[in-house]
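Before any comments, here is the structure.
None of these values were measured; they are calculated from a predicted model.
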Amino acid sequence: MKKTLSIILAAIILPLAVNAQDLKVISYNIRNSQAKDGTNSWLYRYAASAEMIKDQQADVIGLQEALEDQVTFIEQNFKEYKPVGKTAVIMWNKKTVSVQKSGDSDVASWALLKHKKTGGRFYIVNADLEGTPAAERKDAVGKLIEMVAEINKENLPVVMTGGFYMKPADPGLAELESKMCNARKTASKTDNTGTYNNWGKNSDIIDHIYHSGFSSCPEYQTVTKRYAERKFVSDHFPLMVLLSF
């Protein structure tokens with residue numbers, strides 16, 4: 001009986017131990033603090049953003065639209081998070097990852113990080129194509145692919161977060177879809193919820209997370225949970241992925 005119980009407990013505990021080694025990444029279009037959104041303005045929802053960040057406890061957060069005061073707010077309220085990048089700020093959790101190098105392009109910021117639990121090294125590329133004209137977004141994606149090839153000479157795992165402002169079937173994403181895995185499509189547990197909510201007026205998938213070089217993607221989630229009693233933390237829902245080395 002004791003032996004049987006031990007086997008059952010081992011079967012339960014082992015998956016939990018493996019899951020504890022997963023890399024957790026958030027992509028979050030925070031909606032800039034200067035936007036005049038009435039009761040959805042930053043003044044009324046910064047507490048909800050803080051609750052979301054505390055709840056998710058990500059290793060890395062790719063921010064889009066973040067202004068300096070919003071980055072400072074996160075730093076001041078979460079001492080474990082530090083920013084890197086200028087184009088599209090990446091917040092990294094110093095308790096769980098370390099930065100080895102970083103850089104920027106005109107549409108993205110990137111960083112080479114080391115995951116402390118596993119020792120795994122990986123690149124994160126955080127893109128924001130909102131300011132890129134629709135007709136030029138396909139070319140912008142092509143430049144992202146070229147940038148990854150240029151910086152990743154060691155063929156390390158890569159996770160790409162961002163606001164692409166293109167729906168899944170858009171031809172502008174075709175090359176990226178062929179080069180990397182779309183977490184929404186490849187995750188063992190996933191959803192197909194719209195990412196751009198426009199404060200309840202829309203439900204479009206225009207934000208994406210891509211990955212390559214990881215052994216698996218156990219989970220993708222569009223984070224629609226209420227925080228601080230607010231229906232929306234932003235006009236875009238945060239995206240969360242778990243990635244295994």
Side-chain angles (χ1 to χ4, degrees), residues 14-29 53 56-64 81 84-85 88-103 105 108-128 141-142 144-164 168 173-193 195 205 207-223 237-245:
L14 183 57
L16 291 177
V18 172
N19 290 342
Q21 304 303 310
D22 289 339
L23 175 72
K24 188 171 189 178
V25 180
I26 293 282
S27 181
Y28 180 31
N29 185 317
I53 293 170
Q56 292 296 323
Q57 297 184 27
D59 298 304
V60 193
I61 304 172
L63 294 175
Q64 298 92 42
Y81 285 107
V84 66
V89 176
I90 298 163
M91 304 298 296
W92 56 281
N93 188 331
K94 67 179 183 180
K95 292 182 178 180
T96 62
V97 297
S98 59
V99 174
Q100 299 191 334
K101 59 182 178 179
S102 62
S105 73
S109 294
W110 62 267
L112 173 60
L113 304 173
K114 183 176 181 180
H115 188 230
K116 293 182 178 181
K117 288 181 180 178
T118 62
R121 297 164 68 224
F122 67 98
Y123 281 94
I124 178 168
V125 177
N126 184 39
D128 187 356
V141 168
L144 285 173
I145 294 170
E146 291 174 0
M147 183 186 74
V148 170
E150 179 62 29
I151 64 176
N152 190 19
K153 298 299 186 183
E154 299 179 74
N155 291 320
L156 295 172
V158 179
V159 56
M160 184 181 293
T161 57
F164 292 85
L173 290 173
E175 186 179 6
L176 188 55
E177 292 272 344
S178 70
K179 300 286 186 181
M180 300 182 72
C181 299
N182 185 325
R184 185 182 292 105
K185 297 178 181 179
T186 60
S188 300
K189 180 181 179 182
T190 189
D191 64 60
N192 202 37
T193 304
T195 65
I205 297 176
D207 306 272
H208 308 280
I209 299 181
Y210 292 91
H211 63 92
S212 64
F214 291 92
S215 65
S216 65
C217 179
E219 185 175 357
Y220 164 92
Q221 182 185 70
T222 308
V223 183
F237 290 120
L239 310 182
M240 183 282 295
V241 294
L242 296 179
L243 297 165
S244 301
F245 287 95

Spatial distance of atom OH (Tyr123) from atom CD (Glu154) [nearest 0.5 Å]: 6.0 Å
In short, Asn126 meets Leu63 closest at the heavy-atom pair ND2-O, 2.7 Å
N/O donor-acceptor pair under 3.5 Å between Tyr28 side chain and Ile53 backbone: no
Thr190 side chain vs Lys185 backbone, donor-acceptor pair below 3.5 Å: no
For Ser102 and Val84, the nearest pair of non-hydrogen atoms, with its separation, is OG-CG2, 3.2 Å
Kindly give the heavy-atom pair with the smallest separation between Ser109 and Gly85, and that separation in Å. OG-CA, 3.7 Å
Does Phe245 have its ring centroid less than 6.0 Å away from the ring centroid of His115? yes
I need the single residue from Leu243, Val158, Asn152, Val159 that forms a side chain to side chain contact (heavy atoms under 4.5 Å, CB included) with Phe122. Which is it? Val159
As a quick check of understanding, evaluate side chain to side chain donor-acceptor pair (under 3.5 Å) for Gln221 and Asp191, giving each step before the final call. CA-CA 6 Å; Gln221 182 185 70; Asp191 64 60; 5.9 Å; no
Residue pair Val223 / Phe237: nearest heavy atoms and the distance that separates them: O-CD2, 3.4 Å
Residue pair Leu239 / Thr195: nearest heavy atoms and the distance that separates them: CD2-CG2, 3.5 Å
State whether the side chain of Asp59 and the backbone N or O of Val25 hold a donor-acceptor pair below 3.5 Å, judged by distance alone. no
Is the side chain of Thr161 donor-acceptor paired with the backbone N or O of Ile209 at a distance under 3.5 Å, no angle test? no
Out of curiosity, Ser216 OG to His211 NE2, how far, rounded to the nearest 0.5 Å? 8.5 Å
Evaluate whether atom NZ of Lys116 has more than 12 neighbouring non-hydrogen atoms of other residues, nucleotides or ligands under 6.0 angstrom away. yes
Nearest heavy atoms of Pro157 and Arg121, plus distance in Å: CD-O, 3.3 Å
Taking the inter-plane angle between the rings of Phe164 and Tyr210 on a 0 to 90° scale, is it parallel (under 30°), tilted (30 to 60°) or perpendicular (over 60°)? perpendicular
Quiz question: by atom type and distance under 3.5 Å, do the side chains of Gln57 and Lys24 form a donor-acceptor pair? no
Nearest-0.5 Å distance, CE of residue Met160 to CG of residue Asn182: 12.0 Å
Hey, does the side chain of Gln64 reach the backbone of Gly62 with a donor-acceptor pair shorter than 3.5 angstrom? yes
